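Given the structure is predicted, the values throughout are model-derived calculations rather than measurements.
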Amino acid sequence: MNITPVASATHEEVYRVEDADSGLIGFIAIHSTTLGPAAGGLRMRPYDSEDAALTDALRLSEGMTYKNAAAGLRLGGGKAVIMGDPTTIKTPALLHAFGRAVNACEGRYWTAEDMGMSPSDMAELARETPYVAGLADGAFASGDPSPITARGIFNAIRRVALHQFGAADLTGRIVSVQGLGNVGWNLCGLLTEAGAKLIVTDINPARVTAATETFDAKAVALDDIYAVQADIFAPCAIGGILNEDTIPLLNVKAVAGGANNQLSKPSDAILLAERGILYAPDFVANGGGIINVATEVLQIEGRVDWVAKKLVALDDTMEAILTQAAKKGVSPAAVAQDVVAKTIKARAA
Ligand code: NAD
């Protein structure tokens, strides 16, 4: 196996990983270990090129630095990607090779589940390295983070509702949800319990049918989710969906969801603010999952209480960001960026 350093002006360490025997090609990106060991999931996708895979790893690992800082965790930011279709080329041999690459980072990078990975894949990695979280069993196993991620997003939705409508209560509020996977589905459950009405979409028709039956949700076509009249939009599928094409279509007062990197570019936060749409920064709103994973990385005793306290602190952080943004007349994304930059600088000093 070849583990080759990739030069980077922005990241502490970046590696290209190749194992000819198993067909593994991937990247490990460690953006920052200022706050602690870099932690962030492993994503497997059929990227168009090595450049695209590397760019994704660099961008996502930087996002993890911000997410971990916003969640008040003693963890830095890292991420890893494997090139290829997980449904066809993912084998135990490929995962073992990747596990050896993670192990070679000697704990400076901890991996976990992300798109294209499952808890059983994490168990395969764990055969080669202890630096893996999101396991289904074991002393500090934290399991599926999605329910905690959804709880954090639900809290963020209540916060934006409070700011835009004067009440956090969601009874009768309409929430449009893009993506009904692990996070979106759990979120729909919480919203329904809270009395909200749902408008949903997903590329998987079976998920949409299930949501209409389970949550009495109204289904719309994929591209129609942007223009539907609703109170709050919750993107829970892919990144880059808030952009100069979609933002003019939005018919909501706030956006708060779970997808990573929702803004196509930083200036899209300004476009949202100009339209009077309050944006809950994604790396704060979706921090619940990494809080759950952190209990495994940091070997926290009394996991349930610890997670509950961290979720309350995350909610307080979101409130402080939204309040400050309103006071200064700037976008919450800019304030959130400032908050995490200060946290990291204080720790580095
Ligand atoms: P998932 O793969 O379980 O679900 C994603 C869902 O989105 C799937 O049902 C898929 O069919 C659907 N989808 C994909 N492209 C779509 C599109 N263009 N339009 C509509 N639907 C589409 O993933 P997940 O774990 O639910 O994560 C969702 C998002 O939240 C991702 O961006 C992920 O990175 C982010 N996130 C997840 C967690 C977690 O705990 N799982 C934590 C933080 C952030």
Return the minimal non-hydrogen interatomic distance between P37 and W110, and the atom names on each side. CB-CD1, 3.9 Å
Find the distance between CD1 (I247) and CG (L242) and round it off to the nearest 0.5 Å. 5.5 Å
Please tell me whether N2 and T4 have a donor and an acceptor in their side chains that are separated by less than 3.5 angstrom. no
Separation between OG1 (T111) and OH (Y109), nearest 0.5 Å, reads 3.0 Å
Hey, what do you get for CD (E12) to OG1 (T33), rounding to the nearest 0.5 Å? 3.5 Å
Under a 3.5 Å cutoff, is there a donor and acceptor pairing between the side chains of N186 and R151? no
Would you call the rings of Y66 and H31 parallel, tilted or perpendicular, where under 30° means parallel and over 60° means perpendicular? perpendicular
Does the T323 side chain pair with the main chain of A320, one donor and one acceptor, at a distance under 3.5 Å? no
Does this structure show an ion pair linking R207 with D202, if we count only N-O contacts that are shorter than 4.0 Å? no
Return yes if a side-chain donor-acceptor contact under 3.5 Å exists between T209 and E213, otherwise no. no
Can you tell me if T129 and N103 form a side-chain donor-acceptor pair at under 3.5 Å? yes
OH of Y47 to CE of M83: how many Å apart, nearest 0.5 Å? 9.0 Å
List the atom of A101, the atom of V17, and the distance in Å for their closest heavy-atom pair. CB-CG1, 3.6 Å
Going by distance alone, is a donor N or O of one side chain under 3.5 Å from an acceptor N or O of the other, for D51 and S49? no
Could K79 and E62 be called an ion pair, given the rule that one side-chain N must be under 4.0 Å from one carboxylate O? no
Closer than 4.0 angstrom, basic N to acidic O: yes or no for K253 and D231? no
